[in-house]
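Every value quoted in this text rests on a predicted model; they were computed, and no experiment measured them.
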Amino acid sequence: MNIKIRKASISDVEFLSKMILQSSRAGKKEGLFDLFFKTNNDSVILEKLELLTQTKAKNRCHYSNFLVAELDGKCVGSLCSYEPRISTKQTFIDALYEIDSAEDIDDALNILDCCKFDLNNRTLMFDFMEELEGFVDVGVLKGLMQKSLLTARLKGYRIAQTIVEIGSLETLLFYKKLGFKEMEQQESELYREIFGRNGLVLLAIEF
């Protein structure tokens with residue numbers, strides 16, 4: 001199978017929104033964006049995510065941070081890589097204000113902060129690594145990661161990190177197969193109450 005990896009464009013925002021929502025839920029009933037947008041309605045969340053991927057504030061969900069995998073002209077996978085010194089917590093908040101979705105965000109942010117890691121701004125962060133159902137094990141995610149690491153190296157990065165929920169066994173296993181190692185865990189009763197997962201794991205790879 002000939003998998004093409006390319007930079008995402010603004011024409012991909014509908015697909016990216018689906019991948020972001022799929023990634024944020026990670027098999028759970030509710031995810032991060034159900035929380036931020038205060039709804040479980042997929043149509044509403046996807047509409048807001050499309051807006052979030054196009055904001056002037058270059059938040060971590062911005063389409064320009066993504067690579068897309070194509071197979072026979074169809075988008076089948078995504079991977080986001082962003083620089084934490086640019087796509088900060090504040091730019092994410094600014095983006096939510098930009099799309100009129102920042103009402104009462106403090107509670108949602110507090111839930112995230114209960115599992116907060118002290119990230120190094122000189123590392124690259126990976127997020128929203130997803131593939132469509134039916135395309136597992138055909139090399140989509142591996143191709144996306146290889147391209148992302150190559151691009152990161154050309155930019156001068158030597159370490160990349162990602163954050164995965166404790167209990168997301170398939171995702172954790174895949175990252176470890178790629179060479180990522182667990183660096184730290186943060187557990188929280190509040191996080192467990194909201195999402196049904198014990199907390200988060202920070203993984204890193206040197207390349």
Side-chain angles (χ1 to χ4, degrees), residues 1 3-8 12 16 19-20 22-27 31-32 53 58-71 75-92 112-132 135-188 191 195 197-207:
M1 291 187 179
I3 300 168
K4 177 184 176 183
I5 308 296
R6 61 171 176 81
K7 282 187 66 67
D12 296 310
L16 294 177
M19 295 296 94
I20 292 170
Q22 180 176 305
S23 176
S24 68
R25 286 181 176 163
L32 175 65
T53 60
K58 195 175 177 183
N59 73 93
R60 68 191 63 182
C61 300
H62 198 273
Y63 75 86
S64 62
N65 290 330
F66 280 83
L67 290 179
V68 170
E70 281 186 348
L71 191 57
C75 294
V76 295
S78 71
L79 178 60
C80 169
S81 61
Y82 65 91
E83 299 171 90
R85 64 185 179 84
I86 296 174
S87 299
T88 62
K89 177 181 176 181
Q90 188 57 52
T91 59
F92 183 69
L112 294 183
D113 284 344
C114 69
C115 291
K116 186 178 179 181
F117 296 100
D118 185 18
L119 298 175
N120 184 340
N121 282 347
R122 292 186 296 276
T123 63
L124 194 70
M125 293 298 298
F126 286 139
D127 206 348
F128 310 123
M129 182 176 69
E130 287 294 322
E131 59 192 343
L132 288 182
F135 293 91
V136 178
D137 297 330
V138 298
V140 172
L141 298 184
K142 186 176 180 181
L144 284 163
M145 184 60 71
Q146 287 175 339
K147 179 69 172 179
S148 288
L149 290 174
L150 176 61
T151 303
R153 190 171 183 83
L154 292 173
K155 286 182 177 179
Y157 287 98
R158 293 297 178 266
I159 300 173
Q161 296 180 314
T162 191
I163 296 171
V164 178
E165 285 182 317
I166 297 170
S168 294
L169 300 180
E170 287 185 12
T171 305
L172 280 166
L173 182 61
F174 187 80
Y175 271 117
K176 287 179 179 180
K177 280 183 178 179
L178 291 170
F180 282 77
K181 296 180 180 178
E182 287 191 30
M183 306 301 292
E184 188 181 349
Q185 286 194 15
Q186 293 282 358
E187 296 190 17
S188 163
Y191 196 94
F195 296 120
R197 299 275 169 87
N198 288 339
L200 301 173
V201 182
L202 176 68
L203 300 104
I205 185 172
E206 293 188 34
F207 53 93

Residues, nucleotides or ligands: over 12 heavy atoms within 6.0 Å of R122 CZ: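 No, CZ of R122 has 12 or fewer neighbouring heavy atoms, counting only those of other groups under 6.0 Å.
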Heavy atoms from other residues, nucleotides or ligands near CD of E206 exceed 12 (cutoff 6.0 Å):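 Atom CD in E206 is not crowded, with 12 or fewer foreign heavy atoms closer than 6.0 Å.
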Could you give the distance from [atom1] ([X]) to [atom2] ([Y]), rounded to the nearest 0.5 Å?
X	Y	atom1	atom2	answer
L203	M183	CG	CE	9.0 Å
C61	F92	SG	CZ	5.5 Å
Q146	L178	CD	CG	8.0 Å

With sequence neighbours excluded, residues passing ring pair (Phe, Tyr, Trp, His ring centres under 6.0 Å) with F180: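 Here the qualifying residues are Y175.
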Does [X] have any side-chain contact (heavy atoms from CB on, under 4.5 Å) partners at least two apart in sequence or in another chain, and if so, which?
X	answer
S24	L21, L32, F33
E184	F117, Q186, L202
S78	F15, L16, M19, F66, E130

What donor-acceptor contacts under 3.5 angstrom involve side-chain atoms of residues 164-171, with partners at least two apart or in another chain?
from : atom 1 : to   : atom 2 : distance (Å)
E165 : OE1    : K28  : NZ     : 2.9
E165 : OE1    : R197 : NH1    : 3.0
E165 : OE2    : K28  : NZ     : 3.2
E165 : OE2    : Y191 : OH     : 2.7
S168 : OG     : R197 : NH1    : 2.9

With sequence neighbours excluded, what pairs up with [X] under the side-chain hydrogen bond (donor to acceptor under 3.5 Å, both in side chains) test?
X	result
N59	T55
T151	none
Q185	E182
Y63	none

Main-chain N/O of K58 paired with S87 side-chain donor or acceptor, under 3.5 Å: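 Flag set: sc S87 to bb K58 pair under 3.5 Å.
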Donor-acceptor pair, side chain of S23 and main chain of I20, under 3.5 angstrom: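 Pair absent, no side-chain N/O of S23 close to backbone of I20.
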Nearest atoms (heavy-atom pairs only) where Y82 meets L124: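 For Y82 versus L124, the nearest heavy atoms are O-CD1, 3.5 Å.
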What pairs with [X] under salt bridge (Lys or Arg N to Asp or Glu O under 4.0 Å), at least two apart in sequence or on another chain?
X	answer
D127	none
R153	none
K89	D113

Within-4.5 Å side-chain heavy-atom neighbours: K116 and L112: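 The answer is no; the side chains never approach within 4.5 Å.
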